[in-house]
Amino acid sequence: MSRVYNFSAGPSMLPESVLQRAREELLEWGESGMSVMEMSHRGKEFSGIAKKAEADLRELLSIPADYKVLFLQGGATSQFAMAPMNLLRGKKKAGYVATGLWSEKAIAEAKLFCDVQVVASSKQNHFTSIPVQAGWQIDREAAYLHYTSNETIGGVEFGFIPESLGLPLVCDMSSNLLSRPLDVSRFGLIYAGAQKNMGPAGITVAILRDDLLGETVPGTPTMYDYQKQAENGSMLNTPPTYNWYLTGLVFEWIKNEGGLAAMEARNIRKAAKLYAAIDASRFYSNPIEPASRSRMNVPFRLADSAMEKLFSTEAKAAGLVGLEGHRSVGGMRASLYNAMPEAGVDALITFMAEFERTHG
Ligand SMILES: Cc1ncc(COP(=O)(O)O)c(C=O)c1O
(Lines give C-alpha, C1' and ligand atoms only; values in the text may rest on other atoms or scores of the structure.)
Protein backbone atom coordinates (compact mmCIF):
# COMPACT_ATOMS: atom_id res chain seq x y z
CA MET A 1 0.00 0.00 0.00
CA SER A 2 1.25 3.47 -0.70
CA ARG A 3 -0.81 6.44 0.35
CA VAL A 4 -0.36 9.68 -1.58
CA TYR A 5 -0.44 13.26 -0.36
CA ASN A 6 -3.91 14.35 -1.43
CA PHE A 7 -4.27 18.10 -1.96
CA SER A 8 -7.93 17.92 -3.04
CA ALA A 9 -10.29 20.68 -1.93
CA GLY A 10 -12.82 18.16 -0.62
CA PRO A 11 -13.43 15.33 -0.14
CA SER A 12 -9.89 15.51 1.12
CA MET A 13 -7.30 13.73 3.24
CA LEU A 14 -8.35 12.18 6.51
CA PRO A 15 -5.84 11.55 9.31
CA GLU A 16 -4.27 8.15 8.74
CA SER A 17 -4.79 7.14 12.38
CA VAL A 18 -8.52 7.83 11.98
CA LEU A 19 -8.68 5.54 8.95
CA GLN A 20 -6.74 2.86 10.81
CA ARG A 21 -9.07 3.08 13.80
CA ALA A 22 -12.07 2.83 11.46
CA ARG A 23 -10.50 -0.23 9.87
CA GLU A 24 -9.95 -1.84 13.27
CA GLU A 25 -13.55 -1.19 14.19
CA LEU A 26 -15.02 -1.92 10.78
CA LEU A 27 -16.35 -5.40 11.48
CA GLU A 28 -17.18 -4.94 15.13
CA TRP A 29 -17.53 -1.74 17.11
CA GLY A 30 -16.83 -2.33 20.80
CA GLU A 31 -18.66 -5.44 21.97
CA SER A 32 -21.63 -4.78 19.73
CA GLY A 33 -21.06 -7.69 17.35
CA MET A 34 -21.60 -5.41 14.37
CA SER A 35 -20.18 -2.56 12.34
CA VAL A 36 -21.30 1.02 13.07
CA MET A 37 -22.80 0.89 9.56
CA GLU A 38 -25.17 -1.84 10.66
CA MET A 39 -26.38 -0.26 13.88
CA SER A 40 -29.79 1.21 14.47
CA HIS A 41 -29.47 4.95 14.79
CA ARG A 42 -31.87 4.76 17.75
CA GLY A 43 -29.89 2.07 19.60
CA LYS A 44 -27.80 2.55 22.73
CA GLU A 45 -24.45 2.13 20.95
CA PHE A 46 -25.04 4.65 18.18
CA SER A 47 -26.62 7.14 20.59
CA GLY A 48 -23.37 6.99 22.57
CA ILE A 49 -21.29 7.57 19.42
CA ALA A 50 -23.45 10.54 18.40
CA LYS A 51 -23.40 12.10 21.87
CA LYS A 52 -19.63 11.76 22.16
CA ALA A 53 -19.13 13.43 18.77
CA GLU A 54 -21.25 16.38 19.87
CA ALA A 55 -19.53 16.60 23.27
CA ASP A 56 -16.09 16.59 21.65
CA LEU A 57 -17.07 19.28 19.15
CA ARG A 58 -18.51 21.37 21.99
CA GLU A 59 -15.27 20.98 23.89
CA LEU A 60 -13.03 21.79 20.91
CA LEU A 61 -14.90 24.99 20.11
CA SER A 62 -16.03 25.86 23.68
CA ILE A 63 -19.57 26.08 22.32
CA PRO A 64 -21.76 27.99 24.80
CA ALA A 65 -24.68 26.12 26.41
CA ASP A 66 -27.30 28.23 24.62
CA TYR A 67 -26.24 26.90 21.21
CA LYS A 68 -27.55 23.78 19.47
CA VAL A 69 -25.25 21.52 17.48
CA LEU A 70 -26.89 19.72 14.56
CA PHE A 71 -25.53 16.98 12.30
CA LEU A 72 -27.44 17.33 9.04
CA GLN A 73 -27.52 16.09 5.45
CA GLY A 74 -27.69 17.97 2.18
CA GLY A 75 -24.26 19.58 2.43
CA ALA A 76 -23.46 23.22 2.99
CA THR A 77 -25.46 23.84 -0.18
CA SER A 78 -28.67 23.01 1.68
CA GLN A 79 -27.63 25.47 4.37
CA PHE A 80 -27.66 28.21 1.72
CA ALA A 81 -31.46 27.74 1.80
CA MET A 82 -31.91 26.70 5.43
CA ALA A 83 -30.29 29.88 6.69
CA PRO A 84 -32.89 32.24 5.15
CA MET A 85 -35.77 29.80 5.72
CA ASN A 86 -35.05 29.78 9.46
CA LEU A 87 -33.46 33.13 10.17
CA LEU A 88 -35.55 35.64 8.23
CA ARG A 89 -38.11 35.49 11.07
CA GLY A 90 -40.63 37.77 9.42
CA LYS A 91 -38.06 40.12 7.88
CA LYS A 92 -37.74 40.68 4.16
CA LYS A 93 -34.03 41.31 3.68
CA ALA A 94 -30.65 39.90 4.62
CA GLY A 95 -27.09 41.19 4.22
CA TYR A 96 -24.42 39.18 2.40
CA VAL A 97 -20.70 39.73 1.85
CA ALA A 98 -19.56 38.67 -1.63
CA THR A 99 -16.01 37.33 -1.62
CA GLY A 100 -16.06 34.60 -4.24
CA LEU A 101 -17.94 31.79 -5.92
CA TRP A 102 -19.24 30.19 -2.72
CA SER A 103 -20.66 33.40 -1.31
CA GLU A 104 -22.23 34.08 -4.71
CA LYS A 105 -23.94 30.69 -4.53
CA ALA A 106 -25.22 31.46 -1.04
CA ILE A 107 -26.52 34.80 -2.33
CA ALA A 108 -28.29 33.21 -5.30
CA GLU A 109 -30.08 30.77 -3.02
CA ALA A 110 -31.05 33.45 -0.48
CA LYS A 111 -32.64 35.44 -3.31
CA LEU A 112 -35.28 32.70 -3.52
CA PHE A 113 -36.51 33.88 -0.11
CA CYS A 114 -35.63 37.52 0.42
CA ASP A 115 -34.16 40.74 -0.81
CA VAL A 116 -30.37 40.26 -0.63
CA GLN A 117 -28.30 43.31 0.20
CA VAL A 118 -24.67 42.88 -0.77
CA VAL A 119 -23.02 44.88 2.00
CA ALA A 120 -19.51 44.50 0.58
CA SER A 121 -17.97 42.82 -2.43
CA SER A 122 -14.52 42.21 -3.82
CA LYS A 123 -15.87 41.32 -7.25
CA GLN A 124 -14.30 44.40 -8.82
CA ASN A 125 -10.84 43.01 -8.06
CA HIS A 126 -11.81 39.50 -9.15
CA PHE A 127 -12.23 38.32 -5.55
CA THR A 128 -8.52 38.59 -4.79
CA SER A 129 -9.01 40.20 -1.37
CA ILE A 130 -11.36 40.34 1.62
CA PRO A 131 -13.08 43.76 1.71
CA VAL A 132 -11.92 45.88 4.69
CA GLN A 133 -14.83 46.33 7.03
CA ALA A 134 -14.75 50.14 7.16
CA GLY A 135 -16.87 50.62 4.05
CA TRP A 136 -19.60 48.02 4.61
CA GLN A 137 -23.19 49.19 4.23
CA ILE A 138 -25.03 47.17 6.91
CA ASP A 139 -28.80 47.75 7.12
CA ARG A 140 -30.02 47.32 10.71
CA GLU A 141 -33.40 46.16 9.35
CA ALA A 142 -31.82 43.09 7.76
CA ALA A 143 -32.54 39.73 9.40
CA TYR A 144 -28.88 38.68 9.54
CA LEU A 145 -25.45 39.18 8.02
CA HIS A 146 -23.91 36.28 6.08
CA TYR A 147 -20.31 35.74 5.00
CA THR A 148 -18.03 32.93 3.84
CA SER A 149 -14.99 32.71 6.11
CA ASN A 150 -12.85 30.89 3.55
CA GLU A 151 -13.44 30.85 -0.20
CA THR A 152 -12.30 27.37 -1.16
CA ILE A 153 -12.07 28.11 -4.89
CA GLY A 154 -10.60 31.62 -4.87
CA GLY A 155 -8.26 31.10 -1.91
CA VAL A 156 -9.20 34.12 0.20
CA GLU A 157 -9.86 33.86 3.94
CA PHE A 158 -11.16 36.25 6.58
CA GLY A 159 -8.54 37.05 9.20
CA PHE A 160 -11.19 38.73 11.36
CA ILE A 161 -14.78 38.21 12.50
CA PRO A 162 -16.90 40.99 10.99
CA GLU A 163 -18.81 43.43 13.18
CA SER A 164 -22.51 42.91 12.41
CA LEU A 165 -24.08 45.88 14.27
CA GLY A 166 -26.22 43.56 16.38
CA LEU A 167 -27.51 41.45 13.47
CA PRO A 168 -27.14 37.68 13.91
CA LEU A 169 -23.90 36.78 12.17
CA VAL A 170 -24.17 33.76 9.86
CA CYS A 171 -21.10 32.08 8.43
CA ASP A 172 -20.35 29.37 5.92
CA MET A 173 -17.22 27.85 7.48
CA SER A 174 -17.15 24.78 5.26
CA SER A 175 -13.48 25.03 4.48
CA ASN A 176 -11.94 26.42 7.66
CA LEU A 177 -14.02 25.33 10.65
CA LEU A 178 -11.71 23.58 13.19
CA SER A 179 -8.58 24.91 11.48
CA ARG A 180 -8.12 27.57 14.18
CA PRO A 181 -9.69 28.61 17.51
CA LEU A 182 -13.01 30.44 17.18
CA ASP A 183 -15.26 32.55 19.40
CA VAL A 184 -18.61 30.87 18.67
CA SER A 185 -20.48 33.38 20.83
CA ARG A 186 -20.00 36.01 18.09
CA PHE A 187 -22.27 34.02 15.76
CA GLY A 188 -25.96 33.32 15.31
CA LEU A 189 -25.32 30.39 12.95
CA ILE A 190 -22.22 28.58 11.74
CA TYR A 191 -22.45 25.80 9.18
CA ALA A 192 -19.95 23.59 7.41
CA GLY A 193 -19.88 20.49 5.24
CA ALA A 194 -17.57 17.93 6.89
CA GLN A 195 -15.48 16.96 3.90
CA LYS A 196 -12.55 19.34 4.42
CA ASN A 197 -11.42 19.51 8.06
CA MET A 198 -13.96 17.28 9.79
CA GLY A 199 -14.61 13.99 8.04
CA PRO A 200 -16.10 12.39 4.95
CA ALA A 201 -18.68 14.01 2.67
CA GLY A 202 -22.32 13.43 3.57
CA ILE A 203 -22.62 15.16 6.92
CA THR A 204 -22.96 18.84 7.68
CA VAL A 205 -22.52 20.53 11.02
CA ALA A 206 -24.69 23.49 12.06
CA ILE A 207 -24.11 25.40 15.29
CA LEU A 208 -26.85 27.88 16.12
CA ARG A 209 -28.02 30.11 18.92
CA ASP A 210 -31.24 29.03 20.65
CA ASP A 211 -33.05 32.36 20.39
CA LEU A 212 -32.97 32.18 16.58
CA LEU A 213 -34.98 28.96 16.44
CA GLY A 214 -38.68 28.47 15.98
CA GLU A 215 -39.88 30.81 13.24
CA THR A 216 -39.50 29.52 9.72
CA VAL A 217 -40.80 30.92 6.44
CA PRO A 218 -44.22 29.48 5.54
CA GLY A 219 -43.92 26.19 3.69
CA THR A 220 -40.53 25.23 5.15
CA PRO A 221 -40.18 21.46 4.83
CA THR A 222 -39.77 19.59 8.11
CA MET A 223 -36.22 18.47 7.28
CA TYR A 224 -35.21 22.10 6.72
CA ASP A 225 -36.49 23.33 10.08
CA TYR A 226 -33.64 23.76 12.59
CA GLN A 227 -36.01 23.69 15.55
CA LYS A 228 -37.53 20.37 14.51
CA GLN A 229 -34.08 18.93 13.82
CA ALA A 230 -32.91 20.10 17.25
CA GLU A 231 -35.97 18.64 19.02
CA ASN A 232 -35.21 15.30 17.37
CA GLY A 233 -31.46 15.21 18.01
CA SER A 234 -30.78 15.56 14.23
CA MET A 235 -32.66 12.28 13.77
CA LEU A 236 -35.87 13.36 12.11
CA ASN A 237 -35.01 10.65 9.63
CA THR A 238 -32.20 8.09 9.36
CA PRO A 239 -28.97 10.08 9.69
CA PRO A 240 -25.72 9.21 7.86
CA THR A 241 -24.57 7.15 10.82
CA TYR A 242 -21.18 6.02 9.54
CA ASN A 243 -20.18 9.54 8.50
CA TRP A 244 -21.25 10.81 11.90
CA TYR A 245 -19.03 8.20 13.56
CA LEU A 246 -16.04 9.05 11.34
CA THR A 247 -16.51 12.75 12.00
CA GLY A 248 -16.48 11.94 15.71
CA LEU A 249 -13.17 10.10 15.25
CA VAL A 250 -11.72 13.21 13.58
CA PHE A 251 -12.86 15.36 16.55
CA GLU A 252 -11.09 12.93 18.89
CA TRP A 253 -7.97 13.10 16.72
CA ILE A 254 -7.94 16.91 16.87
CA LYS A 255 -8.25 16.77 20.66
CA ASN A 256 -5.38 14.28 20.89
CA GLU A 257 -3.22 16.44 18.63
CA GLY A 258 -3.55 19.37 21.03
CA GLY A 259 -6.83 20.99 19.92
CA LEU A 260 -7.47 23.99 17.73
CA ALA A 261 -4.48 26.06 18.86
CA ALA A 262 -2.20 23.22 17.75
CA MET A 263 -4.10 22.90 14.43
CA GLU A 264 -3.73 26.63 13.85
CA ALA A 265 0.01 26.67 14.59
CA ARG A 266 0.57 23.82 12.14
CA ASN A 267 -1.70 25.36 9.50
CA ILE A 268 0.12 28.69 9.73
CA ARG A 269 3.48 26.96 9.24
CA LYS A 270 2.28 24.89 6.28
CA ALA A 271 0.67 27.81 4.45
CA ALA A 272 3.56 30.19 5.18
CA LYS A 273 6.15 27.90 3.66
CA LEU A 274 4.12 27.23 0.52
CA TYR A 275 3.38 30.93 -0.07
CA ALA A 276 7.04 31.75 0.58
CA ALA A 277 8.12 29.21 -2.04
CA ILE A 278 5.62 30.60 -4.57
CA ASP A 279 6.64 34.21 -3.89
CA ALA A 280 10.33 33.36 -4.17
CA SER A 281 9.86 31.83 -7.61
CA ARG A 282 9.41 33.49 -10.98
CA PHE A 283 7.67 30.44 -12.36
CA TYR A 284 4.76 30.21 -9.88
CA SER A 285 2.41 32.98 -8.78
CA ASN A 286 -0.51 33.48 -6.42
CA PRO A 287 -2.86 36.37 -7.26
CA ILE A 288 -4.27 36.98 -3.75
CA GLU A 289 -3.50 40.09 -1.71
CA PRO A 290 -1.13 38.79 1.02
CA ALA A 291 -3.33 39.78 4.00
CA SER A 292 -6.31 37.88 2.53
CA ARG A 293 -4.51 34.69 1.60
CA SER A 294 -6.15 31.47 2.71
CA ARG A 295 -4.28 29.04 4.95
CA MET A 296 -6.49 26.26 3.64
CA ASN A 297 -6.55 26.62 -0.15
CA VAL A 298 -3.55 27.95 -2.05
CA PRO A 299 -4.29 28.60 -5.73
CA PHE A 300 -1.28 29.14 -7.94
CA ARG A 301 -0.46 29.52 -11.61
CA LEU A 302 2.47 28.43 -13.72
CA ALA A 303 4.25 31.03 -15.86
CA ASP A 304 3.27 28.90 -18.86
CA SER A 305 -0.29 27.63 -18.41
CA ALA A 306 0.27 25.09 -21.18
CA MET A 307 2.40 23.16 -18.67
CA GLU A 308 -0.39 22.62 -16.16
CA LYS A 309 -1.24 19.17 -17.44
CA LEU A 310 2.38 18.08 -17.33
CA PHE A 311 2.67 19.52 -13.82
CA SER A 312 -0.30 17.42 -12.65
CA THR A 313 1.01 14.28 -14.33
CA GLU A 314 4.50 14.57 -12.88
CA ALA A 315 3.14 15.55 -9.46
CA LYS A 316 0.96 12.47 -9.48
CA ALA A 317 3.95 10.30 -10.33
CA ALA A 318 5.67 11.84 -7.28
CA GLY A 319 2.72 10.89 -5.04
CA LEU A 320 1.14 14.37 -4.95
CA VAL A 321 -2.45 14.38 -6.21
CA GLY A 322 -5.51 16.62 -6.40
CA LEU A 323 -3.56 19.73 -7.39
CA GLU A 324 -5.79 20.86 -10.26
CA GLY A 325 -7.64 24.14 -9.68
CA HIS A 326 -11.44 24.24 -9.58
CA ARG A 327 -12.97 23.64 -13.01
CA SER A 328 -14.41 27.17 -13.04
CA VAL A 329 -11.04 28.92 -12.65
CA GLY A 330 -8.35 26.51 -13.81
CA GLY A 331 -4.72 26.81 -12.69
CA MET A 332 -3.48 24.77 -9.75
CA ARG A 333 -4.61 24.66 -6.14
CA ALA A 334 -3.14 22.99 -3.07
CA SER A 335 -5.57 22.43 -0.19
CA LEU A 336 -3.81 22.19 3.16
CA TYR A 337 -6.49 21.12 5.61
CA ASN A 338 -5.76 19.83 9.12
CA ALA A 339 -5.04 16.28 7.99
CA MET A 340 -2.37 17.32 5.46
CA PRO A 341 0.93 16.62 7.23
CA GLU A 342 3.74 19.16 7.07
CA ALA A 343 5.78 16.51 5.28
CA GLY A 344 3.21 16.66 2.45
CA VAL A 345 3.74 20.40 2.04
CA ASP A 346 7.52 19.92 2.14
CA ALA A 347 7.22 17.26 -0.58
CA LEU A 348 5.12 19.61 -2.72
CA ILE A 349 7.61 22.46 -2.35
CA THR A 350 10.50 20.17 -3.30
CA PHE A 351 8.56 18.89 -6.31
CA MET A 352 7.67 22.44 -7.44
CA ALA A 353 11.31 23.54 -7.27
CA GLU A 354 12.40 20.51 -9.28
CA PHE A 355 9.66 21.05 -11.88
CA GLU A 356 10.71 24.68 -12.24
CA ARG A 357 14.35 23.66 -12.59
CA THR A 358 13.63 21.16 -15.35
CA HIS A 359 10.80 22.93 -17.20
CA GLY A 360 10.97 26.59 -16.17
C1 LIG B 1 -17.05 27.34 1.21
C2 LIG B 1 -17.95 26.27 0.70
N3 LIG B 1 -19.29 26.40 0.85
C4 LIG B 1 -20.13 25.47 0.42
C5 LIG B 1 -19.68 24.34 -0.22
C6 LIG B 1 -20.68 23.32 -0.71
O7 LIG B 1 -20.63 22.23 0.11
P8 LIG B 1 -21.44 20.88 -0.19
O9 LIG B 1 -20.84 20.29 -1.40
O10 LIG B 1 -21.21 20.10 1.07
O11 LIG B 1 -22.87 21.26 -0.38
C12 LIG B 1 -18.32 24.14 -0.40
C13 LIG B 1 -17.84 22.92 -1.07
O14 LIG B 1 -16.75 22.75 -1.48
C15 LIG B 1 -17.43 25.13 0.07
O16 LIG B 1 -16.12 24.99 -0.09
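Indexing begins at 1, ligand by ligand and atom by atom, following the structure's order.
Side chain to side chain, Tyr224 and Asn86 fail the donor-acceptor criterion of an N or O pair below 3.5 Å. The closest side-chain donor-acceptor pair between Ser179 and Asn267, if any, does not fall under 3.5 angstrom. Between the side chains of Ser175 and Thr152, a donor-acceptor pair is found at a separation under 3.5 Å.
With hydrogens and angles ignored, the 3.5 Å screen pairs no side-chain donor or acceptor of Glu45 with any backbone N or O of Met39.
Each of Val119, Val97, Ile138 was checked for a side-chain contact (heavy atoms from CB on, under 4.5 Å) with Gln133, and the lone residue meeting it is Ile138.
The existence of a salt bridge linking Arg21 and Glu25 is confirmed by a sub-4.0 Å separation between a basic side-chain nitrogen and an acidic carboxylate oxygen.
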At less than 3.5 Å, what protein N or O atoms come close to the N or O atoms of ligand 1? Include the distances to 0.1 Å.
residue, atom, partner, partner atom, Å
ligand 1, 3 (N), Asp172, OD2, 2.6
ligand 1, 10 (O), Ala76, N, 3.2
ligand 1, 10 (O), Gln195, NE2, 3.0
ligand 1, 11 (O), Ala76, N, 3.2
ligand 1, 11 (O), Thr77, N, 2.9
ligand 1, 11 (O), Thr77, OG1, 2.5
ligand 1, 14 (O), Lys196, NZ, 2.8
ligand 1, 16 (O), Trp102, NE1, 3.4
ligand 1, 16 (O), Thr152, OG1, 2.4

